[in-house]
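Just so you know, ligand 1 is whichever comes first in the structure, and atom 1 is the first atom listed for that ligand.
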Amino acid sequence: MSSFSRGALFHQTFLKERWKYGAAIGTTAVATICAFSVPIVIQLFLDTVFGSEPVPPFALLRTAVDAVGGVATLQAAPWYGAIAIVLLTIGNGGASYLTARLTATAAENGARRLRDRLYRHLQATSLAFHSHHATGDLTQRCTSDLDTIRRFFAIQAGEIGRAVALVTVAFPVMFRLNRTLAMIAIGSVPFLVMISYFFYTRIQSAFLASDEAEGELSARIQEHLAGIRVVRAFGRQRYEQDRFDRDNAAYRSITHRMIRLLAMYWTVNEGVAMLQLGTVVVVSAVLAQNGTMTVGTLVVFWMLELEILWPVRQMGRILADLGKANVAAGRITEVLSAPREEDDPRAGVGGTRTPEITGAVRFDHVSCVYPDGTRVLEDVTFAVPAGTTVGVLGPTGSGKTTLMMLLDRLFDYSGGSITIDGVELREIDRRALRHRIGYVLQEPFLFARTIRDNLGLARRNANDAALFAAARAAAIHDVIERFDHGYRTAVGEKGVTLSGGQKQRLAIARALLMDPAILIFDDSLSAVDTHTDAQIRAALAERRAAGDAPTTFVISHRVTTLAQTDFVVVIEDGRVAEIGAPEELIRRNGPYHRVWALQKGGEV
Ligand code: ADP
C-alpha cells in the first residue's frame, strides 16, 4: 500500500504558498517592532525627556532622537512623543492586517489545492475502497477535517510567527533593560511549555475520538437521508431517531471530554501566566522603590511582559489547534494513501494495452473471492462469440452481478482467465476497456442534472441524432419529448421525478449511446414492463440485423426475455449449472426448465 505522509501533504498544498508566508513573516516583524517601540518611547519621555536619565540604550532610538534635533527638541515639543506613538500604533495595525490577509489567503489557496487533490484521489480509488468507507465519513474528511487544517494555517500559523517574533525581540530588549527582572519574566516559560505539551498529547487523542464520532454522525445522517423513503415506508422514523440520538449523545460526551480538558488547560495556563505577571509587578515595584530601576524602565517592563505573555498564553491555543490539525491531517492522509485503482491489489493491477475490442468474450475457469473472503464464483467457463446475446439466469446471490463486474474490472478475478478478443482482461487498460462496455446497473443512478447531461456521461459531444436514436431504442424518447423542457429537463432532486422504469430506460439509453462493443443489462429489463421490454429488445434486434450488434449480456429472471437470447448460462452457487440455447434448455428438465414451467404456468 502506498503511503502518503503529512509532510508530503503539507509540501504539496500549503508550502506552495511559501512566498506569502515569507511576506507574512516580514509584516509580522514590522508589527512586532512597532509594538515594542511604544513602551520604549514612553520610557524615553518618562526617564529622559521629563527626567534626567540618558537616552535608553537602543541604537535605533538614539538615531531617531538625533534626527529630530536631540532631547532638547523633545523637551520643547513633547507632543512628538504622542505622534510617534500614534504612528507606531498605525504601523502595528497595518502590518498586522497584512499578516492576517496574507496568511488567510495562503491558507485558502492551500485548502483549495488539498480539496482538489482529495476529490481527484477519491475518483481514482478502487470500488473496494469505497465499499469499505461510509460516504458520510468520507464527506466529513473532505469538509470538516479539511477546514480544521485550513483554520490552523489561516490563524495559528500567523500566531506562531508572531509568538516567535515577540519572543526573539522582547527577550534581548528586556535583558538590556534589567537582567534580573528579565530572568524572572521568562521564568514561567519552561513550565508553560511543559504544561502545554502534557495537554497537547491528551487533547490530540480527545480530538481524534471526537472527530471520529463526528464522522460516524455524518455517515448516519447521510445514510438516513439517502434511505429516507425506506425509513418512511417502514414507519421506522422512531427507531432511526433513537439510533441517531444515541450516536449524537456519544458524540456530545466525547466532545465534552475534550472541552473539559481544554478548560482545565486554560485555567492552569492562565494561572501560571498571571502568577508570573504578579511576580514581575511586585519585584519591579520593589526595584523601582529602592532606586535600582527607573520608573520608565518599570513601565516598559510591565508593558513588555503583557506583550509577551499574550503569545505565551496563546501557545496553548496554538498547540491545541496544532493537535486538531494533526489529527485531521492524519485522517486526510489516510484517504490519500489509499492506492489508486490501478495499483490496488484488491482491484487487480491494471494493464496498458488498448486493443481493438469487437466483443468476443471468454471465461476460462474463472473464480472470484471478495476481499473479505467471500467465495463467489468457482470454475466458471463459457465463451461468447462477438455480437451474440447471452442470457444469465440464477437465484439471487448466485454471483451473476459479480461475473459482470469482473468483466468491467470493477473487481478483480482471483483465478482463471477472462479474455476479450483473445487478450487477457488484466492486460487491457481499464479506461479503454470501460469505454467499450455499456453497463446498465441493477439500480441505475442518475445525477441531479438535465437528461441531456445524464446521457452525455456516455458520450460528451453526442449530437441530437445520436441522442434521439439511443433514446428511441431504449423506448424513452417519446416520454422525454413530452416533458416541458424535453432533453433539457432536470431530473432527480432538482427536477422531475422519474419512475423506476423510466430511470432504467434512461440508463439503457445512456449505455446505448456509448455505442459499446459489449452491453450488459444487469436485471435492467425486469424493471420495465413486458411491453417496453419487448420494444427495447426489438430495437436491439434491429441493430443486430443491421450488423451493428454489441455482444450483449442479459441478466434476467423473465423467460420471455431469455427466450430471445442466443444461449443462456444458468449460474447456481457461483458455478455454471447449465448452458445452452433456451429452447434446448426447456427440453432438458434442469433449472431453466423449472423456471420456464413456473412462469408459463403463471402466464396460462
Ligand atoms: P447476484 O447478482 O446473482 O444476485 P451477486 O454477484 O450480487 O449475486 O452476489 C454474489 C455474492 O457475493 C453474494 O453472496 C454477495 O453477498 C457477495 N458480495 C457481493 N458484493 C460483495 C462485496 N463487495 N464484498 C463481499 N461480498 C460481496
Side-chain angles (χ1 to χ4, degrees), residues 1 122 124-135 137-138 219 223 226-227 338-341 344-348 361 363 365-382 384 389-416 418 425 430 434 437-445 500 504 507-508 511 518-528 552-559 561-562 565 567-579 585 590-592 594-596 598-599:
M1 189 158 146
L122 283 173
T125 50
S126 69
L127 213 57
F129 169 84
H130 285 279
S131 59
H132 283 95
H133 284 84
T135 313
D137 183 58
L138 289 178
E223 193 187 41
R340 299 168 65 83
E341 189 175 33
D344 192 342
R346 293 174 299 182
V361 181
F363 293 91
H365 301 288
V366 172
S367 63
C368 173
V369 182
Y370 274 111
D372 64 2
T374 319
R375 283 197 84 78
V376 184
L377 295 171
E378 195 72 61
D379 204 20
V380 173
T381 302
F382 65 95
V384 189
T389 299
V390 196
V392 183
L393 175 73
T396 310
S398 55
K400 306 180 296 291
T401 300
T402 304
L403 190 65
M404 294 300 109
M405 292 210 288
L406 295 187
L407 193 58
D408 209 23
R409 292 300 311 282
L410 293 169
F411 280 96
D412 196 28
Y413 43 109
S414 342
I418 303 177
L425 208 56
R430 269 200 183 81
R434 290 179 186 158
I437 298 183
Y439 196 158
V440 187
L441 300 166
Q442 206 164 1
E443 294 161 16
F445 181 84
Q504 199 57 266
I508 293 172
I518 297 170
L519 192 55
I520 302 170
F521 293 114
D522 190 347
D523 228 359
S524 336
L525 295 171
S526 323
V528 298
T552 309
F553 290 84
V554 181
I555 299 183
S556 180
H557 291 107
R558 219 180 249 166
V559 282
T561 305
L562 295 171
T565 59
F567 67 97
V568 175
V569 180
V570 182
I571 310 253
E572 274 181 347
D573 250 347
R575 291 170 179 274
V576 176
E578 63 179 353
I579 192 162
L585 292 180
Y592 186 86
R594 281 198 294 280
V595 176
W596 174 82
L598 264 172
Q599 292 186 16

Undergrad: Side chain, backbone, both or neither: which applies to T402 and ligand 1 if a contact is any heavy-atom pair less than 4.0 Å apart?
TA: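 Both the backbone and the side chain of T402 come within reach of ligand 1.
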Undergrad: In the protein, what heavy atom is nearest to atom 18 (N) of ligand 1, and what distance, to one decimal place, separates them?
TA: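 Looking only at protein heavy atoms, the one closest to atom 18 (N) of ligand 1 is Y370 CE1, 3.3 Å.
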Undergrad: Name the option, out of P395, G373, G397, G574, that contains the heavy atom nearest to atom 14 (O) of ligand 1.
TA: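 Comparing heavy atoms across P395, G373, G397, G574, the nearest one to atom 14 (O) of ligand 1 lies in G397.
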Undergrad: Hey, is T374 touching ligand 1 through its side chain, its backbone, both or neither, going by heavy atoms under 4.0 Å?
TA: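 Contact part for T374 vs ligand 1: side chain (C-beta onward).
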Undergrad: For atom 8 (O) of ligand 1, what is the nearest protein heavy atom, given as residue, atom name and distance?
TA: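 Answer, as residue, atom name and distance: G399 N, 3.2 Å.
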Undergrad: Under 4.0 Å from a heavy atom of V376: give me the atoms of ligand 1 that qualify, with their elements.
TA: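 Within the 4.0 Å cut-off of V376, ligand 1 contributes 10 (C), 11 (C), 12 (O).
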Undergrad: Evaluate the side-chain proximity of L410 to R434: yes if any heavy-atom separation is below 4.5 Å, no if none is.
TA: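 Touching, per the 4.5 Å side-chain cut-off.
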Undergrad: Using protein heavy atoms only, decide if any is under 4.0 Å from atom 3 (O) of ligand 1.
TA: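 It does; a protein heavy atom is within 4.0 Å.
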Undergrad: How about V595 and H557: do any of their side-chain heavy atoms sit closer than 4.5 Å?
TA: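 They are not in side-chain contact.
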Undergrad: May I ask you to test the M405-Y439 pair for a side-chain heavy-atom distance under 4.5 Å?
TA: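 The answer is yes; the side chains approach within 4.5 Å.
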Undergrad: Kindly indicate whether atom 10 (C) of ligand 1 is approached by any protein heavy atom to under 4.0 angstrom.
TA: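 Yes, there is one.
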Undergrad: Could you tell me the residue and atom name of the protein heavy atom closest to atom 7 (O) of ligand 1, and the distance to it rounded to 0.1 Å?
TA: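 Checked against all protein heavy atoms, atom 7 (O) of ligand 1 sits closest to T401 CB, 3.5 Å.
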Undergrad: Indicate yes or no: does an N/O atom of S131 lie under 3.5 Å from an N/O atom of ligand 1?
TA: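 There is no such contact.
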Undergrad: Provide the number and element of each atom of ligand 1 under 4.0 Å from a heavy atom of T396.
TA: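 With T396 as reference, the close atoms of ligand 1 come out as 4 (O).
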Undergrad: Are side-chain heavy atoms of F363 and L406 found at a separation under 4.5 Å?
TA: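 With C-beta onward as the side chain, the pair stays apart.
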Undergrad: Is the shortest side-chain heavy-atom distance between D522 and L441 below 4.5 Å?
TA: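 Contact flag for D522/L441 side chains = no.
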